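To start, the structure itself, in structure tokens.
Starting from 1, each residue takes its place in the sequence as its number. Quick caveat, the model's predicted, so the values are computed rather than measured. For the numbers below, each heavy atom of this structure counts, side chains included, while hydrogens, waters and symmetry mates do not.
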Amino acid sequence: MEKMSKVKVLFRMVKLVKPLTGWMLLAITLGTCGFLTAQFIPILGGYAVLNGLGMETGLTYGKIVACLLGFALLRSIFRFSEQRTNHYIAFTLLAIIRDRVFAALRRLCPAKLEGRDKGDLVSLITSDVELLEVFYAHTISPICIAIVTETIMCLFIGRYHPLPGVIALLSYLFVGVCLPVLISKRSGNLGDELRRESGALAAHMLESIRGLDETQQYNGGEKRLGEISEKTGILSEKQGVLNALTGTNTALTNTFIWIANAAMIAACLFLYRSGAIAFDGFLIPVIALMSSFGPVTALSSLGTTLQSTVASGARVLAIVDEVPETEEIEGKEKTSFGSAKAENVSFSYGKEEVLKDVSLNAGKKEIIGIVGPSGCGKSTLLKLFMRFWKVSEGKITISGRDLEEINTSDLRDMESYMTQETHLFKDTIAGNIRIGKPDAGDEEVIEACKKASIHDFIMTLPHGYETEVGELGSTLSGGERQRIGLARAFLHDSPFMLLDEPTSNLDSLNEAVILKSLEESAKDRTVLLVSHRASTMCIANRKLSMDGGRVSQCM
């Protein structure tokens, strides 16, 4: 996918605020009022000094004191309300973004997510999305608040004389615009690199945790720890560079504010001595400028903070924009299963050809076994029947209809697919099995488990079907996880079952029970069975051999 520019990423991120425009305007109004009340507190003090010198200001001491108390109270109210509104906007938008990200992941899986670093994905949907909160809560409205507030202050200062107004304008522009742009250019692609290294570290840590047993068994702890230390060091180094840029930015900002204040004092002093302004025209602009850098100071740090934010936004938008291998299909005429057929199908993963001119016909109430060496394309063929991938050449049909003309919901109802590795969620055994049919009753779940030869085992557990299986099913053996996967397939009760090595982890006794269930279920459905085990193939009505991406009839 074409890499988006930083400006385009920012524009796309700002567009997401459109549904909350009213709330954003409220936050800007509250923030502007909050800064103005804070800035006018010292200005009111200046008017009190002028009153003490006997100059006419139009404000009595009583009014000044009342305004001071009112502004102090209003400042806290406006500040709290602005922060509350900004965070409401931010967290609402984060919920919208998460919804879009998860919707994109659903569209992309499994084809576009196969082989993708899972740790990097976890980093994207957690830390990258969370980092966008800074943008929506502490970037958009502060920019608008700074523009409105400092425009008002320039007009207020400039009413005494144009020169102080120009000095204030140039000071605000330098601190709020020039410095962030300068620091952003100096940081280059540091934000992208930081997010990329953060994702790589998260992926490595996830892999290390999952592989703890192997690491211990083969004494690879020191090597793994060294790799973690190396990746942490790279990340820390880049974070250090970013922190140094942030420190430089802060130092430059404070230095320039001091210079701007000195320039204002010098200009107002010159104007006062030359008679161009009265003493109030000297005192008030100086106090006003000194007290008004808050909004632009908040912007001065954007040159560094936006680096990571834009990088995270780009990663999130890249997932949202990713084009799926196969689109969801809906609105077509409903299809019921009658037969399945592959006609001269060829398929490649990139430049690697996996299937070449494969043809297969699976009729009703038939068990077809497919054998062949690893890597010959057996599993790929099943995925093509599931429309996880699109065929490169040829076509696959269900009941005589091209797979591309069948509603995705109909296809999922017609097919049960069991992969070589059964994934279990951190849930109860019953909850994991009900994935095959969420509204299934207890009796249906038990019946499916009996067919999968797992019911007796489940009943020996302390809480039976309500037993938690642990993360990734870590509390169960490979054979037990496999039988739960089979129970899901039986519970789904579809007319077309695609089973990829369904008995590879089972002993002969459990295999026999399951094969008997499959043989009985074939009276009502079609089964496409992939296996290396000769004992599993004994129930097949027909056996096909795959080798080199081609299919031939077994003798």
Side-chain angles (χ1 to χ4, degrees), residues 25 27-75 77-79 82 141-179 253-254 256-300:
L25 291 174
I28 293 168
T29 302
L30 291 169
T32 300
C33 292
F35 273 114
L36 289 175
T37 51
Q39 290 165 7
F40 271 88
I41 287 175
I43 292 172
L44 286 170
Y47 282 121
V49 171
L50 293 175
N51 280 355
L53 295 174
M55 298 181 66
E56 179 60 39
T57 63
L59 293 173
T60 64
Y61 280 119
K63 289 180 180 180
I64 291 174
V65 171
C67 287
L68 285 173
L69 293 174
F71 283 3
L73 177 62
L74 288 173
R75 164 60 175 162
I77 294 173
F78 286 140
R79 179 65 174 170
E82 180 230 337
S141 66
I143 290 175
C144 297
I145 289 168
I147 293 172
V148 176
T149 303
E150 305 305 31
T151 298
I152 293 172
M153 292 307 297
C154 284
L155 294 173
F156 176 76
I157 293 171
R159 76 188 183 93
Y160 288 95
H161 192 278
L163 180 59
V166 171
I167 292 174
L169 176 62
L170 293 176
S171 301
Y172 300 147
L173 288 175
F174 189 85
V175 175
V177 179
C178 297
L179 279 179
T253 300
N254 291 334
F256 185 79
I257 288 174
W258 181 86
I259 293 172
N261 289 331
M264 179 63 81
I265 292 172
C268 289
L269 184 61
F270 169 77
L271 292 172
Y272 175 65
R273 287 181 173 176
S274 64
I277 57 175
F279 183 70
D280 61 334
F282 166 80
L283 181 64
I284 299 302
V286 169
I287 294 175
L289 183 70
M290 288 182 175
S291 66
S292 64
F293 278 104
V296 288
T297 301
L299 302 187
S300 65

Report summary line: residues 280-296 vs side-chain hydrogen bond (donor to acceptor under 3.5 Å, both in side chains), sequence neighbours excluded, gives Y172-S292
Query - Spacing of CG belonging to L74 relative to CG belonging to L30, to within rounding of 0.5 Å - result: 11.0 Å
Requested in this report: Heavy atoms only: give me the nearest L163-A267 pair and the separation to one decimal.
Outcome: CD2-CB, 4.0 Å
**Report entry** Minimum heavy-atom distance G58-K63, with the two atoms named
**Finding:** O-NZ, 4.4 Å
Query raised in the report: So, do Y47 and I43 sit near enough that their side-chain heavy atoms are less than 4.5 Å apart?
Result: yes
Query raised in the report: Can you name the closest pair of heavy atoms from T149 and P295 and give their distance?
Result: CG2-CG, 3.9 Å
Query raised in the report: Which distance, rounded to the nearest 0.5 Å, do you find between the CH2 of W258 and the CZ of F293?
Result: 13.0 Å
Query raised in the report: Atom CD1 of I284 and atom CG of L44: how far apart are they, to the nearest 0.5 Å?
Result: 8.5 Å
Requested in this report: Measure across E82 and S141 and return the closest heavy-atom pair with its distance rounded to 0.1 Å.
Outcome: OE2-OG, 4.2 Å
Query raised in the report: Can you tell me how far the CD1 atom of I77 sits from the CZ atom of R79, to the nearest 0.5 Å?
Result: 14.5 Å
Requested in this report: Report yes if some heavy atom in the side chain of M153 is under 4.5 Å from a heavy atom in the side chain of L289; otherwise report no.
Outcome: no
Report summary line: Output for pair (L179 CG, T253 OG1), nearest 0.5 Å, gives 4.5 Å
Query raised in the report: Out of curiosity, T37 OG1 to L73 CG, how far, rounded to the nearest 0.5 Å?
Result: 10.0 Å
Query raised in the report: Can you tell if the side chain of L271 reaches within under 4.5 Å of the side chain of P164, non-hydrogen atoms only?
Result: yes
Query - Steps toward side-chain contact (heavy atoms from CB on, under 4.5 Å) verdict (M290, I265) - result: CA-CA 10 Å; M290 288 182 175; I265 292 172; 3.7 Å; yes
Requested in this report: Determine the minimum heavy-atom distance between I145 and G31, stating which atoms define it.
Outcome: CD1-CA, 3.5 Å
Requested in this report: Taking side-chain contact (heavy atoms from CB on, under 4.5 Å) as the test, write out the residues that go with L269, two or more places apart.
Outcome: R273, F282
Query raised in the report: For residues 148-167, which residue pairs qualify under ring-ring contact (aromatic ring centres under 6.0 Å, His included), counting only residues two or more places apart or in two chains?
Result: F40-F156
Report task. Count the heavy atoms of every other residue, nucleotide or ligand shown that sit under 6.0 Å from OH of Y272, and state whether that count exceeds 12. Result -> no
Query raised in the report: Heavy-atom distance under 4.5 Å between the side chains of V286 and N261, does that happen here?
Result: no
Report summary line: For G46 and L283, the nearest pair of non-hydrogen atoms, with its separation, is O-CD2, 3.6 Å
**Report entry** side chain to side chain donor-acceptor pair (under 3.5 Å) partners of S171, counting only residues at least two apart
**Finding:** none
Query raised in the report: Who passes side-chain contact (heavy atoms from CB on, under 4.5 Å) against V65, sequence neighbours left out?
Result: L69
Query raised in the report: Of all residues at least two apart in sequence or in a different chain, which pass the side chain to side chain donor-acceptor pair (under 3.5 Å) check with T29?
Result: none
Report task. Assess whether atom CZ of F270 is packed by more than 12 heavy atoms of other residues, nucleotides or ligands within 6.0 Å. Result -> no
